[in-house]
Every structure is written in structure tokens, then in C-alpha cells.
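Read through the structure below, which is laid out as C-alpha cells, and then see the notes.
Residue numbering restarts at 1 for every chain, and letters A, B, ... go by the order of the sequence lines.
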Protein chains: 2
Amino acid sequence: MNQADFINQLQELALGTRLKRLSDTLMGDVAKIYKDEHLDFEPRWFTMLYLLNKEKSLSIIEIADRLKLTHPAVVQFANQLKSKKFVLEKKDKKDARKRMLAISNKGKLVVEKLQPILIQIENSTRELLQESGVDLLYSIEKVEKSLLTQSMYNRVKSGLKKHLLSEVKITPFQSKYRTDFKLLNEGWIQKFFTLEKSDNQILSNPEKYILESGGAVFFAVHQKKVIGTIGISNHGKGVFEVNKMAVAEEFQGLSIGAKLLTEAISFAKKKRAKQVYLESNTKLRAAIHLYDKLGFKQVENFNSSSYKRTNIKMTYALN
Amino acid sequence: MNQADFINQLQELALGTRLKRLSDTLMGDVAKIYKDEHLDFEPRWFTMLYLLNKEKSLSIIEIADRLKLTHPAVVQFANQLKSKKFVLEKKDKKDARKRMLAISNKGKLVVEKLQPILIQIENSTRELLQESGVDLLYSIEKVEKSLLTQSMYNRVKSGLKKHLLSEVKITPFQSKYRTDFKLLNEGWIQKFFTLEKSDNQILSNPEKYILESGGAVFFAVHQKKVIGTIGISNHGKGVFEVNKMAVAEEFQGLSIGAKLLTEAISFAKKKRAKQVYLESNTKLRAAIHLYDKLGFKQVENFNSSSYKRTNIKMTYALN
DNA sequence: ATACTAAATGTAAGTACTTACATAAAACAC
DNA sequence: GTGTTTTATGTAAGTACTTACATTTAGTAT
């Protein structure tokens with residue numbers, strides 16, 4: 001293509017724009033043709049009137065569904081077509097909300113008058129496609145079908161997620177990340193609960209309260225920024241406790257918690273853990289869901305916790 | 001496809017609408033993704049900023065050309081991008097009309113931030129197209145190229161013209177068309193000149209003034225309606241004169257005049273004409289052009305005409 | 001130098017929709 | 001039957017442009 005055609009140079013990046021441009025060209029030309037015939041008729045009404053010409057009578061929503069338009073668009077067209085007396089309306093007998101639309105005789109006449117033009121548009125389009133030697137209609141249909149299985153939004157989103165995740169590195173404790181450990185955890189605790197004494201102790205001095213007794217702290221790092229953390233305490237006799245797990249809000253929902261928790265569990269396994277448990281609160285739906293997914297089971301009756309907020313205890317099934 | 005999808009059922013007739021729908025879906029999803037990243041950035045600015053990121057500095061019109069947008073669209077984007085400080089502007093030194101736009105550092109930063117998303121959009125789109133198993137980009141390019149050689153408008157227009165022409169029948173004089181003969185001719189004479197005595201005579205009684213002396217009158221009939229007429233008078237000794245040619249305004253420009261004139265000439269030939277001439281006025285540009293095209297040559301010096309409006313005489317070169 | 005045309009930009013209003021919100025009737029839950 | 005949710009429709013305002021028109025400056029002809 002033309003060297004100056006920047007949009008075409010962008011290739012896949014500007015597919016939407018290119019489709020739009022082609023569509024605008026085609027629809028603009030058709031609109032001009034309608035105008036030339038100076039029928040008192042707007043091209044945008046065509047699909048709707050044509051539909052009503054095939055069907056007895058339809059409600060606003062039914063039309064919107066068939067034409068894949070929003071209902072306000074149909075309401076607007078309906079009012080315009082009604083004022084031109086191309087359609088008639090009456091209330092549905094069984095449902096007083098519904099406004100049933102049907103084509104009028106005047107409407108039928110326009111469709112009939114339009115017929116030769118429509119046939120010509122159809123033929124010219126077919127000719128254009130044949131001349132181009134590509135089955136554009138088939139291509140569109142295929143792409144539409146693929147989009148039905150997964151939308152562009154989801155494709156890009158999950159692609160971004162994968163990419164981001166591949167960039168996130170898990171590292172063991174480093175003293176330069178002490179403040180991150182504290183701030184990330186204070187974040188969620190203060191959002192949902194209140195800081196307790198043991199929180200302050202552990203967060204201010206993880207070395208003393210987690211590492212020295214044989215536990216560990218891990219960080220999730222993305223582009224030199226700490227975006228998540230987890231602690232695992234060693235209570236002796238093979239008993240480990242997962243705690244102080246936090247992921248920065250803007251990175252939540254990206255399975256970073258899962259990555260951290262997996263790391264903590266494998267640490268415990270390496271230390272020949274006999275039991276791994278955690279205490280939490282059912283308010284933290286996302287966290288509980290994650291624990292559940294990774295294999296933690298709720299302990300029915302339990303007591304003694306260092307935190308007021310605890311209302312659930314879960315243990316990990318070591319094989 | 002879904003039985004309820006009326007637009008797809010229309011096939012070639014609704015190609016534009018389908019392209020638009022697909023484009024809207026894709027572009028809407030991309031817009032949603034930008035929004036999710038809450039960059040202070042509108043998707044519609046993207047192509048322009050991206051272009052400015054590649055080029056040093058461009059004027060409004062240059063950008064419009066490159067992006068195939070209208071210049072007011074670019075003016076609007078430029079103002080928005082300027083107020084967000086994504087672009088800088090300065091006047092061209094040589095041309096005080098031109099407003100040269102360049103990307104700012106802030107703008108470069110956004111493009112950089114956008115980069116991973118752009119790459120993902122590109123990848124996901126490529127994936128979508130591969131999954132669909134069709135080369136949509138190639139198809140679009142092909143169709144665009146075909147449209148460059150002839151626009152949809154011209155295709156449909158010439159198709160309609162051909163179709164209409166195929167429906168127009170030329171018939172010899174019939175008395176039921178007498179009024180049409182009169183009215184059609186009075187139309188153009190009164191529009192450009194004034195009716196003269198001989199006009200009234202011939203138009204009121206073509207049988208006497210044209211037919212009885214061995215001339216002929218033909219009609220162009222479309223769907224039982226007379227839309228054009230021509231007379232050819234036999235002046236004796238093999239001399240024939242074409243006159244009273246008229247085509248209804250709404251059917252002008254469709255070569256119906258050519259059809260009538262050809263018929264008249266072949267009538268004269270059948271009658272072993274030695275000379276066929278006509279008198280006209282240079283005001284009637286379209287008619288003169290037609291005579292010229294069909295082989296009539298201007299007679300340099302001539303006198304004696306039955307009409308005041310005559311200022312040109314042409315003869316047909318009989319082989 | 002003057003007059004005209006053309007080019008570059010700007011502005012207003014329209015177009016073909018959309019999203020967001022409002023309202024009324026119907027359907028359902030209990 | 002009463003309250004709540006859902007469905008069908010309507011309305012207002014926004015969006016991403018366009019067309020039509022206006023203004024200013026440049027270029028060209030005389």
C-alpha cells in the first residue's frame with residue numbers, strides 16, 4: 001500500500017480502524033445513492049424497515065436483538081419511521097409495556113421502490129468481492145465466531161496478565177525490602193481490621209520474629225518494585241504457619257498471591273514440615289478462595305490465636 | 001450463523017454494517033483495556049500520538065492525510081492532546097498558517113507506558129486472525145484496492161444505469177403518445193427559449209407535419225411511461241432533418257438521447273437518406289456533445305432556419 | 001501592486017449511534 | 001397480596017467523528 005498510509009502500516013494494531021474505514025467508505029457511498037434517488041428515506045432506517053417487511057410485527061427489543069443494535073437506537077428509528085408513516089404501532093394486548101411495530105402500506109411501497117437499488121447494491125458488492133478475489137464475508141464470519149469463544153478484551157487481558165506474571169520474580173528476604181514488607185501488610189490489615197500488637201512486632205522486625213526461628217519471608221518483585229510478600233513462621237516440631245501475605249492492590253487478581261503461597265509451601269516442604277496452617281478471616285474472600293484452591297482445608301474446631309481478627313483456621317494437606 | 005442474526009442473513013447487502021459491527025466490537029474492547037489501565041488517555045488519540053512519536057513534527061493537514069481523517073477531527077484531537085500536554089505546537093517559520101505539532105516528553109512517556117499493551121493487542125489480534133484461519137488483513141487490502149479503481153458509488157450507479165437502459169424500449173409513433181410528444185418538447189423549449197409558431201404546429205400535429213411526408217417519430221418508454229422522444233422529418237430528395245428530441249429531466253444523463261438518435265439515423269438510412277442534418281443552439285451543451293459523439297459535424301456557414309433559437313447546424317456523415 | 005484563487009486551519013452543527021439513567025408494567029418470591 | 005426483581009421502553013447526554021461554512025495567509029496572474 002501507499003507509503004503514506006500510516007494506518008495500514010500498523011497492521012494488526014489497527015485492524016479495528018481499518019475495518020471502520022472500509023465500512024465508512026461503503027456505507028457512505030450507499031447513503032449517497034439513496035440520496036440521489038431522492039426518496040424521502042434515510043439509509044439508517046433500511047435494515048429495520050426491511051426486517052419489518054419480512055416479519056408481521058415486532059417489539060422494540062426484538063428488533064434491537066435482531067439488528068444487534070441497542071434499544072435506544074431502535075426507539076429513535078421507530079419514532080422517525082412512525083412520523084414518516086412508514087410503520088404503524090399498537091400496544092401488545094397481553095403486555096402493556098410492549099409497543100408492537102409493523103410496516104405500513106406506505107412503508108411497503110418504499111421497500112418496493114428500493115428493490116432495484118438493493119439488488120444493484122447486492123450485485124455490485126458481490127462483484128467487488130469477486131474482483132478482489134477474497135471471501136471477505138466468510139472471513140468476517142470466521143473472526144466473529146472466534147470472538148464469540150473469547151472476546152478481544154479477554155484475549156488482551158489474559159495476555160497482559162501472562163506477560164506481567166512472567167516478569168514477576170519471587171525472591172527470599174532482603175533487608176532492603178523491610179519497609180515494603182511492613183507497608184504492604186499494614187495496607188490490608190488497616191483496610192479490613194485494625195493493627196494489633198503482634199502485627200507491629202512482626203512487621204517491624206521480621207528477622208527476629210520469623211527468620212531467626214527458621215521461618216522465611218518472600219517477595220514478589222516487578223520491575224524492581226515489591227508488589228507482594230508472604231511470611232512463613234517455623235513454630236518448631238515441624239509446624240509451620242503462613243502469615244503476613246499481601247499483594248499491592250493494583251496487582252491483585254493476577255495470581256501473584258498463588259505464586260507467593262506456592263513458594264512458601266515448597267519452603268515448608270523442604271524443611272520437612274509435618275503441618276502447615278494459617279489463620280484468617282472469612283471477610284477476605286479472595287484470600288480464602290486462594291487457600292482453598294491451593295489445597296488448604298478448613299479446621300472445624302480450633303482455639304487460641306494471636307489475633308482478634310481470626311475466625312477461620314486452615315491446614316495444608318501434606319502428602 | 002445464528003438464525004436470529006438478520007444482518008448476517010442479508011449477506012452482500014449489509015457488508016458495510018457487518019464491517020462496522022466487527023470494528024465497533026474490536027475498538028470497544030481496546031477502549032475498555034485502556035480504561036482499565038487508567039492512563040489519562042483516550043484511545044482515539046492513539047494513532048495520532050503514535051504517528052507524532054515516529055515523525056519529528058507535522059501540520060494538521062499532514063496528519064489528517066496520513067491517518068485518513070478529516071482535518072477538523074485532527075484539530076479536535078490536537079487541542080485535546082495539547083491541553084493534556086502530550087503534544088507541543090509552534091508556528092511554521094515559512095508559512096504562518098501552519099501549526100506544527102510535535103510530541104512532548106510527557107507524550108513520549110505515555111507511548112512508552114502504552115508499549116506493552118500495544119504489543120499485546122497486536123499479538124492477540126494476530127492470534128485471533130490465525131485462529132480464524134483467514135487472512136482478514138489481506139482481504140481488506142484487496143477490497144480497498146479494488147475500491148480505488150472504482151468506488152462502490154460508481155459501481156452501483158453504472159449498474160443501475162445499465163439496468164434501467166435495458167428496460168427502456170424504443171417504439172415508433174403511436175397516437176396514444178401524442179400528448180407526451182408535445183409536453184416533453186414544450187419542456188425544454190420553454191426552459192431555454194420560447195415556443196415559436198412552427199413548434200406549436202409540429203407538436204400539435206406530428207402526423208401531418210412529420211409522418212405524412214415520410215418522416216418518423218420515436219418514443220423511449222420505461223415501465224409504460226414515455227420518457228423521451230425524437231422526430232425525423234423527410235424534406236424530400238433524400239434530405240432528412242432530426243428535430244424535436246427530448247428526454248424527461250429525471251432520465252437525463254442515461255444515454256437515452258443516444259438511443260433515440262441512433263434509432264432516428266438508422267430510420268433515415270433505411271430510407272436511403274443522402275443527408276441528415278439538425279439545427280440546434282450551443283446553449284444545449286449536453287445535446288451538442290451527443291450529436292458530436294454520434295458523428296454529426298458542424299456546418300460552418302449556413303442560413304435559413306425555421307427557428308429563431310437556431311445558431312448551429314450539424315450534418316451526419318453518411319458513408 | 002492588485003486581484004484572484006487556493007491552501008491551512010478553525011468553528012458550528014449534524015450524524016449515527018452509544019452509555020447511563022429513569023419509569024412503568026410484569027413476573028416472581030414468600 | 002406485598003415487596004422485590006426483571007423486563008420493556010423512554011430520555012438525556014455523550015462519543016467520535018463528519019459536513020458545511022468561515023477566516024486567514026500564500027501563491028499566482030496581470
Between A:Asp24 and A:Asp95, just flag the one whose closest nucleotide in DNA chain D comes earlier from the 5' side.
A:Asp95
Is the base of D:dT7 touched by the side chain of A:Arg97 through a donor-acceptor pair closer than 3.5 angstrom?
yes
Nearest-Å distance for atom pair CD/C1', residues A:Glu62 and D:dT9
13 Å
With a 4.0 Å heavy-atom cut-off, tell me which residues in residues 70-78 of chain A come close to DNA chain C, sorted by residue number.
A:Thr70, A:Pro72, A:Ala73, A:Gln76, A:Phe77
Given D:dA16, C:dA25, C:dC17, identify the nucleotide with an atom nearest to the side chain of A:Leu69.
C:dC17
Between P on D:dC17 and CZ on A:Arg21, what's the gap in Å once rounded to a whole number?
12 Å
Using whole Å, what does the distance between atom P of nucleotide C:dA8 and atom CD1 of B:Ile63 come to?
13 Å
Taking C-beta and beyond as the side chain, do A:Glu249 and A:Lys191 meet within less than 4.5 Å on heavy atoms?
yes
With a 4.0 Å limit, can you tell me whether B:Arg99 has a side-chain N or O closer than that to the phosphate oxygens OP1/OP2 of C:dG10?
yes
Given A:Ser146 and B:Ser132, is the side chain to side chain donor-acceptor pair (under 3.5 Å) satisfied, shown in steps?
CA-CA 6 Å; A:Ser146 291; B:Ser132 312; 3.1 Å; yes
Whole angstrom value for the distance that separates C1' of D:dT19 from NZ of A:Lys32
13 Å
With A:Val110, the side chain to side chain contact (heavy atoms under 4.5 Å, CB included) member among A:Trp45, A:Phe46, A:Phe86:
A:Phe86
Residue pairs passing the ring pair (Phe, Tyr, Trp, His ring centres under 6.0 Å) test where at least one lies in residues 126-151 of chain B, sequence neighbours excluded:
none
Assign each of A:Lys20 and A:Glu89 to its nearest nucleotide of DNA chain D by heavy atoms, then name whichever residue's nucleotide is nearer the 5' end.
A:Glu89
If you look only at pairs with a residue in residues 96-106 of chain B, which of them pass as a side chain to side chain donor-acceptor pair (under 3.5 Å), with sequence neighbours excluded?
B:Asn79-B:Arg99, B:Glu89-B:Arg99, B:Asp95-B:Arg97
C:dA7 C1' sits how many Å from B:Lys91 NZ, rounded?
13 Å
Between CG of B:Leu101 and P of C:dG10 the distance, given in whole Å, is 9 Å
With respect to the side chain of A:Lys98, which nucleotide from C:dC17, D:dA8, C:dT9 is positioned closest?
D:dA8
Rounded to the nearest Å, what distance is computed from the CG atom of residue B:Asn79 to the P atom of nucleotide C:dA12?
12 Å
Are B:Lys84 and B:Glu42 close enough for a salt bridge, meaning some N to O gap below 4.0 Å?
no
Could you tell me whether B:Ile60 contacts a base, only the sugar-phosphate backbone, or nothing, with contacts defined as non-hydrogen atoms closer than 4.0 Å?
sugar-phosphate
Are A:Glu131 and B:Lys142 close enough, and set up right, to give a salt bridge (Lys or Arg N to Asp or Glu O under 4.0 Å), and what steps lead you there?
CA-CA 9 Å; A:Glu131 185 185 315; B:Lys142 279 290 192 182; over 6 Å; no
